[in-house]
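Note that ligands are numbered from 1 as they come in the structure, with each ligand's atoms numbered from 1 the same way.
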Amino acid sequence: MNKSKDNIKEDIAGVLIDSEQVQNKVKELGKKISRDYKEKNPVLISVLKGSIVLLADLLKAVDISCSVDFIAVSSYGENTETSGVVKLIMDLRESIEGRHVLLVEDIVDTGLTMAYLKENLLTRHPASFKICALLSKPQRRQVNIDLDYIGFEIPDDFVVGYGLDYDEKYRNLDYIGTLKPRIYQKNG
Ligand code: 5GP
């Protein structure tokens with residue numbers, strides 16, 4: 001068996017945000033969300049698959065009554081650039097009519113995914129709608145979208161880890177890092 005193929009850390013060029021910084025930030029976001037949603041019983045909607053790690057940690061960081069649901073949209077596949085077309089792949093299980101919705105997203109890049117989901121979800125008449133994103137790349141924005149809770153603003157680099165993938169790998173890293181160029185070049 002070729003063990004080096006399994007060592008995903010060898011593919012990482014550098015750590016952008018380490019595990020402790022991520023954990024501290026998620027706890028801080030959890031405190032704010034707990035304060036803002038007290039007695040509102042919000043539904044935290046996780047955008048699959050990238051935000052599952054954030055959702056799991058965020059859930060533990062909030063101390064209010066809340067529920068969770070999942071939604072999936074089309075992803076980049078093996079590319080590091082968006083196709084610009086967002087499609088719903090999997091819908092929510094429950095109705096959000098009259099509910100306080102907090103959309104939980106790993107990263108906002110062009111903003112197209114969030115803009116699409118916001119428009120889609122608002123047609124279902126939630127009591128309120130807010131977005132929580134761990135990462136935001138403001139330089140890449142193509143559409144204007146308000147983010148209510150942001151973990152970190154980052155430069156225009158493709159990042160992996162803490163739920164974020166490249167070609168379905170690296171989600172299990174507990175930090176946010178950049179990939180060595182040879183990883184894209186191999187597939188490009
Ligand atoms: P947007 O629609 O804002 O351009 O992109 C949102 C989605 O693109 C995110 O949910 C994420 O799946 C993917 N994405 C954007 N930037 C990155 C990145 O730097 N790394 C990874 N792994 N995914 C990204």
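Looking at Lys180 and Asp11, no side-chain N of the basic residue comes within less than 4.0 Å of a carboxylate O on the acidic one, giving no salt bridge. Looking at Arg93 and Asp69, no side-chain N of the basic residue comes within less than 4.0 Å of a carboxylate O on the acidic one, giving no salt bridge.
For Tyr166, the closest heavy-atom approach to ligand 1 does not fall below 4.0 Å. Ligand 1 is approached by Gly111 to a heavy-atom distance shorter than 4.0 Å.
Of all atoms in ligand 1, numbered sequentially from 1 with element shown, those under 4.0 Å from a heavy atom of Thr113 are 1 (P), 2 (O), 5 (O), 6 (C). Close contacts between ligand 1 and Asp157 involve ligand atoms 19 (O) [criterion: under 4.0 Å to a heavy atom]. Applying the 4.0 Å criterion to heavy atoms of Asp165 picks out, from ligand 1, the atoms 21 (C), 22 (N).
Checked by atom type, the side-chain pair Ser34/Asp63 shows a donor-acceptor distance below 3.5 Å. Judged by distance alone, the side chains of Arg99 and Ser128 never bring a donor and an acceptor atom under 3.5 Å apart. Judged purely by distance below 3.5 Å, without hydrogens or angles, the side chains of Asn172 and Tyr162 never pair a donor atom with an acceptor atom.
The proximity of Glu105 to ligand 1, defined as any non-hydrogen pair under 4.0 Å, is limited to the side chain. If you look at Asp106 next to ligand 1, the close heavy atoms, those under 4.0 Å, all belong to the side chain.
Residue contacts with ligand 1: Val159 is placed with a nitrogen or oxygen under 3.5 Å of a nitrogen or oxygen of the ligand (distance criterion only).
Ring planes of Tyr37 and His100: perpendicular class, angle over 60° (limits at 30 and 60°).
Residue nearest to atom 19 (O) of ligand 1, selected from Lys137, Lys169, Arg171: Lys137 (by heavy-atom distance).
A cation-pi arrangement is found for Lys25 relative to Phe152, the charged atom lying closer than 6.0 Å to the ring centre and inside a 45° cone about the ring normal.
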